[in-house]
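Side-chain atoms are counted along with the backbone in the values below, which use heavy atoms only and exclude waters and symmetry mates. By convention here, the first residue in the shown sequence is residue 1. Whatever order the structure lists them in is the order used to number ligands and atoms, beginning at 1.
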Amino acid sequence: MDIKSCGTGTIINLARKRNIAVPGFNIPYLPMMEPVIRALCDTRTFGLIMVARLEWIKFGSGSMKAVRDEYLKLKDERFTRLHLDHVPVIDEDNLLTDFTGIISEALDLGYGSVMIDGSRLTLEENIEATGKVVEMAHRAGVPVEAELGAVMGHEAGPLPPYEELFATGKGFTSPEDAGRFIAETGADWLSVAIGNVHGAISAATRTGKKIEARLAIDHLEKIDKAAGVPLVLHGGTGISKKYLMESFRHGIAKINIATAIRQPYEKLIMNPVREAQEAVYETMVDLLRNELDVAGSADIIFNGIKTQNLRI
Ligand code: 13P
């Protein structure tokens with residue numbers, strides 16, 4: 001297989017078939033991209049380089065174009081693709097965005113996959129907005145990730161008590177809605193809410209330790225059956241390995257990681273940039289090898305060969 005010309009949609013489908021998750025890493029500051037890509041290459045792991053709208057608005061990544069330009073300098077297509085994360089229809093501050101304008105710019109810039117986040121809308125409105133984006137992206141041959149249910153954590157106010165959230169299943173993706181949503185929108189991947197929460201992003205809370213979330217695996221199994229497309233786990237930082245491994249066996253083919261690599265970078269942000277980059281690199285290698293257990297995944301995804309625990 002010609003790996004370098006393989007589209008992101010094909011790669012995620014292959015990963016799902018092999019019960020492997022492709023990790024996506026958010027880049028809130030441009031210098032983080034170098035150690036993220038270096039760690040993926042050194043461990044022969046396949047991963048996505050991602051930026052979300054809030055990361056060029058509330059953090060330091062600049063713009064979608066700045067991230068694309070940095071990616072073009074650093075990419076290694078044996079191990080990486082570029083993905084546009086969260087483009088909300090209604091944003092974290094409850095404001096309506098120009099989501100079609102943003103998606104259209106991303107397609108022009110050459111992003112290999114895009115996410116539309118209509119999760120703050122009603123089901124009907126989410127279907128309508130997602131359908132619009134699917135039409136635009138598919139015309140360009142680009143797969144679309146959508147979200148159904150509420151993966152909380154990015155809102156300004158405090159999170160409801162986690163135990164209560166998990167016990168009541170508040171905001172969890174409904175399996176019935178998931179089936180209808182995919183059938184009516186044609187979205188390629190579905191981001192699900194099954195107990196996962198995003199790391200905090202407000203200036204006051206973003207340095208704090210993230211809560212250890214759990215995953216309702218039985219609920220995930222129902223969504224997997226109903227949706228029938230690769231599923232995406234947002235809020236990937238700090239979920240215990242036992243839950244992660246189970247989720248990879250039940251449809252999760254992409255997992256998003258931001259807080260775990262952003263916090264070590266921000267801790268050293270006043271130091272020489274090389275020191276902050278090395279902290280990201282070390283965190284990345286540990287994540288890939290030990291927390292996510294995906295080191296060597298490029299060989300597994302493309303050739304079905306298991307070459308884990310590579311020494312670098
Ligand atoms: P974490 O910050 O919990 O890693 O979540 C990242 C995420 O889901 C970005 O879309």
Run the numbers on K132 and E135 for salt bridge (Lys or Arg N to Asp or Glu O under 4.0 Å), then give the verdict. CA-CA 5 Å; K132 235 185 242 175; E135 210 181 295; over 6 Å; no

With rounding to the nearest 0.5 Å, note down the distance linking [atom1] in [X] to [atom2] in [Y].
X	Y	atom1	atom2	answer
M50	S113	CE	OG	9.5 Å
I194	H250	CD1	NE2	11.0 Å
F59	M32	CZ	CE	10.0 Å
I255	L244	CD1	CG	4.5 Å

side-chain contact (heavy atoms from CB on, under 4.5 Å) between T259 and R262: does it pass, once the steps are laid out? CA-CA 5 Å; T259 308; R262 173 177 51 77; 3.8 Å; yes

Give me the one residue out of V67, L72, L109, L48 that meets side-chain contact (heavy atoms from CB on, under 4.5 Å) with L82. V67

Per-atom contacts, ligand 1 versus [X] - under 4.0 Å to a heavy atom:
X	result
H234	8 (O), 10 (O)
I257	4 (O)
T259	1 (P), 2 (O), 3 (O), 4 (O)
H86	10 (O)
K210	3 (O)

Sub-4.0 Å heavy-atom approach of G236 to ligand 1: yes

Touching ligand 1 at all, A52? Heavy atoms, strictly under 4.0 Å? no

When you measure from atom 10 (O) of ligand 1 to each heavy atom in L54, I255, D85, which option holds the nearest one? D85

Please write down residue, atom name and distance for the protein heavy atom closest to atom 8 (O) of ligand 1. G235 N, 2.7 Å

Atom 4 (O) of ligand 1 sits nearest the protein heavy atom T237 OG1, 2.5 Å

Mind checking whether N26 contacts ligand 1 via backbone (N, CA, C, O), side chain (CB onward), both or neither, at a 4.0 Å heavy-atom cut-off? side chain

Ignoring hydrogens and angles, tell me if any N or O in the side chain of Y162 forms a donor-acceptor pair with the backbone of R214 under 3.5 Å. yes

Ligand 1 N/O within reach of A258 N/O, cut-off under 3.5 Å: yes

Min N/O separation M50 to ligand 1 under 3.5 Å: no

Apply the test salt bridge (Lys or Arg N to Asp or Glu O under 4.0 Å) to residues E92 and K58: give CA-CA distance (whole Å), side-chain angles for both, the deciding distance (0.1 Å), then the verdict. CA-CA 11 Å; E92 304 72 31; K58 297 186 186 237; 5.1 Å; no

